[in-house]
Amino acid sequence: MDWRQTLLAWYLAHRRDLPWRRDPDPYRVWLAEVMLQQTRVSQMLPYFERFLVRFPTLADLAQADLNAVLQVWVGLGYYGRARNLHRTAQQLAVEGWPQDYPGWRKLPGVGDYTGRAVASVLLGLPLGAVDGNIRRVYSRFFAQPVVTQVLADQQVDPKAPGDFNQALMDLGATVCIPRQPKCPACPLQPWCQAYQQGRVTEFPPRKPKPPVPERVFLVLVAQTEDGLWVRQRPAQGLLGGLWELPNCVVQEPIQAKTDYEGLVPRVWQATVKHQYTHFHANFQVWQGTLAPRVQQQCSAIDWVDLDQHPFSKGFQRVLAAVRTKLT
DNA sequence: AAAACGGGGAT
DNA sequence: ATCCCAGTTTT
């Protein structure tokens, strides 16, 4: 019995019951793979179900408004994925689904991993996908610190590449987990080099973590008879296309009645801390007023209409902190 | 090669 | 507080 057959047998018995596996079609598999980029299955599942209720087919997504797509995506993070998904849907609605790996790989938001995963599952192509789970499994299996794409393409079972890739992912997610791996339950234990050497937790090696800086923001709660002033972020970059309260980075302690890039704070309200990938945000929330040139970039809305605008989690927390005192 | 890009759950 | 998740794109 070779280890690939053993792995596939384990997969048939233990695979996770995931919605896009029950009835695989390109739209659902593609959507699932994009949603799962740097995102756990447990976090992604409710978004997947909600997304399909709102946009049941590729045509529905292609015809949708980008704001509606972002609204469903809020909380899932990496919003460039939603923008790429929407743009790609409009392209695919015209051209149809890619029929080979290069065709998939060209799509915006589809990289080496996603292209191989989708092409192996949907087209049965013998391509070895390498995600975080598979990287860890192979690193231990071969007791080597670096796992290359070439290795994965060599190891994939050409008879069942889709199941093979998904089997390794499930093994990594449920058995060969980062800390305290469940080696006694692992079907690959007889072949695992790190296990034979008693060095399982040495692989894969930890990467040094760059220090994360903190940025202090002045966030303004500006209310007039027209309502609360909010604005939409630029389409590209951090939280692209999402809505926010007027804010700016500050280098020094905030003083009332001072103009910070057109934001004039008057009364301090709250401190809200929020962690992003490459910096920690310290939101200093003040009630205050806006210079006319800033007000031009904003729109005033009623508090009850906040739900109609996709706010990032950070600003949702800011709003939650002040809405009881200011409404 | 390194940085940008979210958020949450487990330890 | 740290790790890390079915990674991709830009610099």
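Within every chain, numbering begins at 1; the chains are lettered A, B, ... in the order of the sequence lines, protein sequences first and strands thereafter.
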State whether the side chain of A/Gln149 and the backbone N or O of A/Gly128 hold a donor-acceptor pair below 3.5 Å, judged by distance alone. yes
How close or far is atom P of B/dG6 from atom OH of A/Tyr47, stated in whole angstroms? 13 Å
Please measure how far the P atom in B/dA3 lies from the corresponding atom in C/dA6, and state the result in whole Å. 25 Å
Remember a base hit wins even if backbone is also touched, and classify A/Trp20 as base, sugar-phosphate or nothing at under 4.0 Å, heavy atoms. base
Does A/Tyr27 have any ring pair (Phe, Tyr, Trp, His ring centres under 6.0 Å) partners at least two apart in sequence or in another chain, and if so, which? none
Please list, chain by chain and in numerical order, all residues satisfying ring pair (Phe, Tyr, Trp, His ring centres under 6.0 Å) with A/Phe164, sequence neighbours excluded. A/Trp3
Chain A vs DNA chain C, heavy-atom contacts under 4.0 Å, first-to-last nucleotide span, 5' to 3', is C/dC3 to C/dT9
Is there a donor and acceptor pair, one atom on the side chain of A/Ser42 and one on the base of B/dG9, closer than 3.5 Å? no
Give me each pair satisfying salt bridge (charged side-chain N to carboxylate O under 4.0 Å, His left out) with a member in residues 182-204 of chain A, each pair once, sequence neighbours excluded. A/Arg199-A/Glu202
The ring pair (Phe, Tyr, Trp, His ring centres under 6.0 Å) partner of A/Phe48 among A/Trp73, A/Trp20, A/Phe55 is A/Trp20
Under the side-chain contact (heavy atoms from CB on, under 4.5 Å) test, residues paired with A/Ser120 that sit two or more places apart: A/Pro161, A/Asn165
Report the residue (A/Leu107 or A/Gln43) whose heavy-atom-nearest nucleotide on DNA chain C is the more 5′ of the two. A/Gln43
Quickly work out the A/Met35 CE to B/dC5 P distance and round it to whole Å. 21 Å
In whole Å, I'd like the distance from the CD atom of A/Gln37 to the C1' atom of B/dG6. 13 Å
Determine the Euclidean distance between corresponding P atoms of C/dT10 and B/dG6; express it in Å to zero decimal places. 14 Å
Heavy-atom neighbours of A/Glu252 CD exceed 12 at 6.0 Å: no
So which one's nearest nucleotide on DNA chain B is more toward 5', A/Gln180 or A/Lys313? A/Lys313
B/dC5 and C/dC4, which share atom name C1', separated by this distance in whole Å: 15 Å
Scan residues 113-130 of chain A against DNA chain C and write down, sorted by residue number, each residue with any heavy atom closer than 4.0 Å; if none is found, say none. A/Tyr113, A/Thr114
Donor-acceptor contact below 3.5 Å, side chain A/Asn247 vs main chain A/Leu245: yes
Rounded to whole Å, the CG-C1' distance (A/Leu238 to B/dA3) equals 13 Å
Per nearest nucleotide of DNA chain C, the residue lying toward the 5' end, A/Asn133 or A/Val110, is A/Asn133
What does A/Gly80 touch in the nucleic acid at a heavy-atom separation under 4.0 angstrom: a base, only the sugar-phosphate, or nothing? nothing
Ring pair (Phe, Tyr, Trp, His ring centres under 6.0 Å) filter on A/Trp229, not counting sequence neighbours, yields none
Just the rounded figure in Å: distance from P of B/dG6 to CD of A/Glu244. 13 Å
What I want to find out is whether A/Asp170 reaches A/Arg16 closely enough, with some N-O distance under 4.0 Å, to be called a salt bridge. yes
Heavy atoms under 4.0 Å, any strand shown: does A/Ile177 hit a base, just sugar-phosphate, or nothing? nothing
Return the residues of residues 135-171 of chain A meeting this criterion: a heavy atom under 4.0 Å from some atom of DNA chain C. Order them by number, or give none. A/Arg136, A/Met169, A/Asp170
For A/Trp97, check ring pair (Phe, Tyr, Trp, His ring centres under 6.0 Å) against everything at least two apart and list the hits. A/Trp30, A/Trp104
Assign A/Arg16 to base, sugar-phosphate, or nothing according to its heavy-atom contacts below 4.0 angstrom with the strands shown. base
Quick one, which residues of residues 205-219 of chain A touch DNA chain C with a heavy atom under 4.0 Å? A/Arg206, A/Lys209
Do any N or O atoms from the side chain of A/Arg81 and from the backbone of A/Val34 form a donor-acceptor pair under 3.5 angstrom? yes
Whether the side chain of A/Tyr101 engages the backbone of A/Val118 through a donor-acceptor N/O pair (distance < 3.5 Å, no angle test) should be reported. no
Pairs flagged by salt bridge (charged side-chain N to carboxylate O under 4.0 Å, His left out) wherever residues 27-55 of chain A is involved - sequence neighbours left out: A/Asp25-A/Arg28
Rounded distance in Å - CZ (A/Arg317) to C1' (B/dG6): 13 Å
Given atom CZ of A/Arg40 and atom P of B/dA10, what is their separation to the nearest angstrom? 8 Å
Of A/Gln296, A/Glu244, A/Gln295, which meets side chain to side chain donor-acceptor pair (under 3.5 Å) against A/Arg231? A/Glu244
According to a strict under-4.0 Å criterion, is A/His278 in side-chain N/O contact with OP1 or OP2 of B/dC5? yes
Sugar-phosphate, base or nothing in reach of A/Tyr276, heavy atoms under 4.0 Å: sugar-phosphate
Using a cut-off of 4.0 Å on non-hydrogen atoms, how would the nucleic acid contact of A/Leu239 be classed: base, sugar-phosphate, or nothing? sugar-phosphate
Looking at B/dG7, I'd like to know if its phosphate oxygens (OP1 or OP2) sit under 4.0 Å from a side-chain N or O belonging to A/His274. yes
Could you pull out all donor-acceptor pairs under 3.5 Å where a side-chain atom in residues 279-294 of chain A meets a protein atom, sequence neighbours excluded?
| residue | atom | partner | partner atom | Å |
| --- | --- | --- | --- | --- |
| A/Asn282 | OD1 | A/Gln284 | NE2 | 2.8 |
| A/Gln284 | OE1 | A/Trp268 | NE1 | 3.1 |
| A/Gln284 | OE1 | A/Thr271 | OG1 | 3.2 |
| A/Gln284 | NE2 | A/Thr271 | OG1 | 3.3 |

Distance check needed: B/dC5 C1' versus A/Trp73 CH2, whole Å only. 13 Å
